[in-house]
Amino acid sequence: MTSVAGGKDLDQLCVNTIRFLSVDAVEKAKSGHPGAPMEAAPLGYVLWTQLLKHNPLNPQWPNRDRFVLSAGHASMLLYSLLHLTGYDLSLEDIKNFRQWGSKTPGHPEYGKTPGVEMTTGPLGQGFATGVGMAIAERFLGEKFNKPGLPLVDYLTYAFVSDGDIMEGISSESASIAGHLRLGKLKYVYLDNRITIEGSTELTFSEDVQKRFESYGWEVLRVNDANDLPEVQKAFEAARRQTERPTLIIVRTHIGFGSPNKQDSAESHGAPLGAEEVVLTKKALGWPLDPAFHVPSEVLKKMRGVSDMGAASEKKWQEILAKYKKAYPDLAKQWESLQKSPLSEGWQKNLPKFKAGDKAATRQASGKVINALAPVLPTLIGGSADLGPSNVTVIEKAGDLSADNSSGRNLHFGVREHAMGAILNGMALNPAFIPFGGTFFIFSDYMRPAIRLSSLMGLGVIHIMTHDSVGVGEDGPTHQPVEHLASLRAIPNLVVLRPADATETAVAWRIAVERRGAPTVLVLTRQKVPVLDRSQLASEEGVAKGAYVISAAQDKKPQVILMATGSEVHLALHSQEKLSQKGISARIVSMPSWELFEEQTPQYKEEVLPATIRARVVIEAGCGMGWSRYAGPQGALVTLDHFGSSAPGDVIMEKFGFHTDNIVNK
């Protein structure tokens with residue numbers, strides 16, 4: 001890397017172009033994080049021009065290497081690299097950094113900017129999501145690769161910061177990555193030793209190298225990020241390591257080149273300021289004008305990446321052509337999965353349940369998983385050490401492990417947060433339908449990852465069992481109360497709480513079909529009867545979020561009872577008692593607010609006529625938000641306090657979830 005142009009070192013010119021595009025963009029926006037792009041520019045330059053297998057002209061090429069900027073606040077580093085290497089990101093886009101409607105938002109956003117592999121910013125999320133990307137690569141490689149025909153063969157890189165390393169999710173995910181020996185995972189740790197509050201010595205004194213070695217990672221060191229030959233040597237050594245993940249610890253200097261703000265928290269989250277920009281440009285020999293200067297020789301060199309990328313993809317296309325001839329059936333599967341993980345007619349495998357039988361909805365969910373697994377070969381998932389309780393095991397499908405890359409049962413250990421992010425990483429590959437299970441109460445531990453899946457529009461399926469105070473004896477620490485309201489507040493997330501096994505099967509169908517958004521299935525621990533659909537409305541109403549499951553005896557009901565999950569049964573029993581008192585009641589099963597809100601005003605009026613103001617909501621969770629459906633004269637039988645330790649049926653009785661209380665309401 002010693003090419004020279006016009007008497008200047010071209011490599012250094014490229015590095016400084018990356019730096020000052022970032023500095024100028026932050027300065028123009030009057031906000032942003034200049035320090036990290038300034039320190040990491042040499043690393044990005046070496047990786048993106050010498051080692052990363054990618055094609056700027058086709059950002060979705062399936063066999064590209066993945067690059068995750070886990071330190072998402074350094075977004076201008078990524079945008080500069082994308083622009084200079086030829087992605088569909090113009091200099092005008094760079095100038096519109098952080099502005100309304102721009103392709104260069106403050107933190108990288110998946111789907112908004114070509115070449116951005118995932119939405120990052122909340123520290124640790126990129127670190128953990130990359131683990132899911134590597135798991136996806138290994139699984140597909142095991143399924144499709146043949147001798148001499150490596151159809152799936154890519155690496156997952158990430159740049160991570162001190163903050164990423166400190167976040168607990170990085171420990172969870174690094175541990176499982178080492179355990180699985182994910183040799184295609186290559187992370188670079190930007191060891192600048194600065195946080196917002198000052199030196200990392202304030203809070204951070206562990207030996208990161210020993211920590212990651214104990215996880216089973218290879219750890220390499222580069223003492224100076226600006227030593228380009230050493231940086232390249234480290235990347236090449238990392239690529240040669242195939243038996244375990246690699247962490248390259250690189251000593252960097254935040255705000256590199258700034259005379260007054262290098263190695264200072266001042267360069268982290270604010271523009272350098274006009275005077276400091278001038279001093280920095282002078283210090284690094286950069287022209288003061290114009291801003292956003294890109295030397296022609298830099299653009300010529302870095303745009304050469306497009307030619308290299310196109311050549312790499314062409315070689316892969318040649319492999320694919322040979323593959324189609326040698327393995328036509330597998331090739332068809334491959335091409336089908338690139339379009340959709342759903343096989344034709346898969347819905348026919350959904351199980352039917354016999355009216356009157358009793359089954360917890362978690363058990364019904366397990367039956368659905370095993371019924372669909374044979375016809376959805378990339379339906380893959382597991383549990384955070386609760387597989388038997390969540391009923392998430394795919395029978396006879398094997399466990400995914402370091403020695404078995406084809407297993408479809410993932411064991412995440414007691415690592416809920418990492419599980420959520422790893423599922424996101426798998427869902428970023430369009431071939432997968434990933435699912436993960438835990439107790440509903442522990443959705444708190446994975447909420448940031450659930451939120452990101454909603455933001456990115458990823459078809460992750462979250463199985464949350466033990467859904468209410470009906471959990472019983474474990475007591476309030478394990479009894480979710482506020483969790484339904486909490487998850488319902490997340491945009492683009494569908495929460496489904498089915499009433500019985502039949503509704504559960506429909507809920508699963510909805511979740512599988514939603515490839516552009518995540519779904520949470522909230523399921524019972526306790527058994528509930530399978531409702532008799534010959535006497536009640538069709539379960540297809542679940543797809544509309546709410547439906548009249550049992551009409552009033554009279555054409556015009558006097559009261560509407562709305563319920564979700566196991567409480568639908570309570571509502572139906574209350575309907576009988578009300579009828580004995582001469583009161584006609586309509587029962588509405590409302591498994592999903594979100595799906596109901598997608599319906600037409602006419603349908604909503606059919607289910608909840610405005611003229612019927614006497615309404616009762618029944619749900620064993622907090623009542624927050626229900627007033628929109630109950631109305632000003634409605635009553636809530638909900639739970640706005642913590643639970644207690646006792647048998648589940650006793651708790652439900654004590655807290656008012658019984659027919660007498662409903663009838664009185």
(Q) Does Phe256 form a side chain to side chain contact (heavy atoms under 4.5 Å, CB included) with Leu284? I'd like the steps, not just the answer. (A) CA-CA 10 Å; Phe256 180 84; Leu284 293 178; 4.1 Å; yes
(Q) Counting only heavy atoms not in Met624 (residues, nucleotides, ligands), do more than 12 fall under 6.0 Å from its CE? (A) no
Q. Between Arg19 and Ala41, which heavy-atom pair has the shortest distance, and what is it?
A. CG-CB, 3.6 Å
Q.
Among Val231, Asp11, Asn226, which residue satisfies the side-chain contact (heavy atoms from CB on, under 4.5 Å) criterion with Pro42?
A. Asn226
Q) Is Glu137 close to Val152 at the side-chain level, that is, under 4.5 Å between some pair of heavy atoms? A) yes
**Q.** Nearest heavy-atom neighbours spanning Ala225 and Glu39
**A.** CB-O, 4.1 Å
Q: Using a strict cut-off of less than 4.0 Å between a Lys/Arg side-chain nitrogen and an Asp/Glu carboxylate oxygen, indicate whether Glu92 and Lys95 qualify as a salt bridge.
A: yes
Q: Could you check Glu236 against Leu51 for side chain to side chain contact (heavy atoms under 4.5 Å, CB included), going step by step and ending with a plain yes or no?
A: CA-CA 8 Å; Glu236 289 171 347; Leu51 297 114; 3.8 Å; yes
Q) Donor-acceptor pair, His83 side chain versus Leu89 backbone, under 3.5 Å? A) yes
Q: Please report the shortest heavy-atom distance between Met76 and Pro37, naming the atom on each side.
A: CB-CG, 4.3 Å
Q: Taking Asn429 for its side chain and Phe432 for its backbone only, find out whether a donor-acceptor pair lies under 3.5 Å.
A: no
(Q) Is it the case that over 12 heavy atoms from other parts of the model lie below 6.0 angstrom from the CD atom of Glu275? (A) no
Q. Distance under 6.0 Å and angle within 45° of the ring axis: does Arg64 meet both against Tyr154?
A. no
Q: Considering only NZ, NE, NH1 and NH2 on the basic side and carboxylate oxygens on the acidic side, decide whether Asp153 and Lys53 come within less than 4.0 Å.
A: no
Q | Rounded distance (nearest 0.5 Å) linking atom CD1 of Ile254 with atom OG of Ser267 | A | 4.0 Å
Q: Calculate, to the nearest 0.5 Å, the distance between atoms OG and CG belonging to Ser264 and Asn192 respectively.
A: 11.0 Å
Q: Answer whether the closest heavy-atom distance between the side chains of Phe204 and Thr195 falls below 4.5 Å.
A: no
Q: Could you go through the side-chain hydrogen bond (donor to acceptor under 3.5 Å, both in side chains) check for Asp162 and Thr200 one step at a time?
A: CA-CA 8 Å; Asp162 290 304; Thr200 54; 5.2 Å; no
Q: Report yes if some heavy atom in the side chain of Lys282 is under 4.5 Å from a heavy atom in the side chain of Leu288; otherwise report no.
A: yes
Q: Supply the atom-to-atom distance Phe235 CZ to Leu52 CG, rounded to the nearest 0.5 angstrom.
A: 9.0 Å
Q: Would you give the length of the straight line joining atom CG of Leu452 to atom CD1 of Ile490, rounded to the nearest 0.5 angstrom?
A: 10.0 Å
Q: Find out whether Phe20 and Lys281 are in side-chain contact, i.e. whether some heavy atom of one side chain is under 4.5 Å from a heavy atom of the other.
A: yes
Q | Main-chain N/O of Leu13 paired with Thr17 side-chain donor or acceptor, under 3.5 Å | A | yes
(Q) Going by side chain to side chain donor-acceptor pair (under 3.5 Å), His54 matches just one of Trp48, Trp61, Tyr87. Which one? (A) Tyr87
Q: Tell me, yes or no, whether the heavy-atom count around His179 atom NE2, taken from other residues, nucleotides or ligands under 6.0 Å, exceeds 12.
A: no
Q: Indicate yes or no for a side-chain donor-acceptor contact from Glu172 to the backbone of Ser170 under 3.5 Å, with no hydrogens or angles considered.
A: no
**Q.** Spacing of CE belonging to Met133 relative to CZ belonging to Arg66, to within rounding of 0.5 Å
**A.** 7.5 Å
Q: Considering non-hydrogen atoms only, spot the tightest contact between Leu272 and Ser258 and give its length.
A: CD2-OG, 4.4 Å
(Q) What verdict does the side chain to side chain contact (heavy atoms under 4.5 Å, CB included) test give for Leu84 and Leu299, after you've listed the backbone C-alpha separation in whole Å, the side-chain angles of each residue and the deciding distance to 0.1 Å? (A) CA-CA 6 Å; Leu84 293 171; Leu299 201 60; 4.1 Å; yes
**Q.** Other residues, nucleotides, ligands: >12 heavy atoms within 6.0 Å of Asn223 CG
**A.** no
Q. Taking the side chain from Lys186 and the backbone from Ala238, do they hold a donor-acceptor pair closer than 3.5 Å?
A. yes
Q | Asp263 side chain vs His253 backbone, donor-acceptor pair below 3.5 Å | A | no
**Q.** Heavy-atom side-chain proximity of Lys103 to Val116 below 4.5 angstrom
**A.** no
Q. Out of Ser75, Ser31, Ser102, Ser22, which residue meets the side-chain contact (heavy atoms from CB on, under 4.5 Å) rule with Phe97?
A. Ser75
Q) Just wondering, do Leu81 and Leu47 contact through their side chains at under 4.5 Å, heavy atoms? A) no
Q | Test item: Tyr187 side-chain N/O and Phe127 main-chain N/O as donor-acceptor pair under 3.5 Å | A | yes
**Q.** Nearest atoms (heavy-atom pairs only) where Ala234 meets Ile248
**A.** O-CD1, 3.8 Å
Q: Would you mind reporting whether Ile165 and Arg211 have side-chain heavy atoms less than 4.5 Å apart?
A: yes
Q) Side chains of Tyr45 and Met302: closer than 4.5 Å at any heavy-atom pair? A) yes
Q. Should we say atom CD of Glu597 is surrounded by more than 12 heavy atoms from elsewhere, each under 6.0 Å from it?
A. yes
(Q) Can a donor-acceptor pair be found, under 3.5 Å and without considering hydrogens, that links the side chain of Thr104 to the backbone of Asp93? (A) yes
(Q) With a 4.0 Å cut-off on N to O distance, would you call Asp227 and Lys233 a salt bridge? (A) no
Q: Go through the steps to decide whether Thr252 and Leu43 satisfy the test side chain to side chain contact (heavy atoms under 4.5 Å, CB included), and finish with yes or no.
A: CA-CA 10 Å; Thr252 60; Leu43 305 171; 4.2 Å; yes
Q | Thr120 side chain vs Leu69 backbone, donor-acceptor pair below 3.5 Å | A | yes
Q. Got a donor-acceptor contact below 3.5 angstrom from the Glu594 side chain to the Val495 backbone?
A. yes
Q: Grab the two heavy atoms, one from Leu220 and one from Glu218, that are nearest each other, plus how far apart they are.
A: CD2-OE2, 3.6 Å
Q: Starting at CG of Leu410, measure out to CD1 of Ile135 and round the result to the nearest 0.5 Å.
A: 6.0 Å
Q. Does Phe442 CZ have over 12 foreign heavy atoms under 6.0 Å away?
A. yes
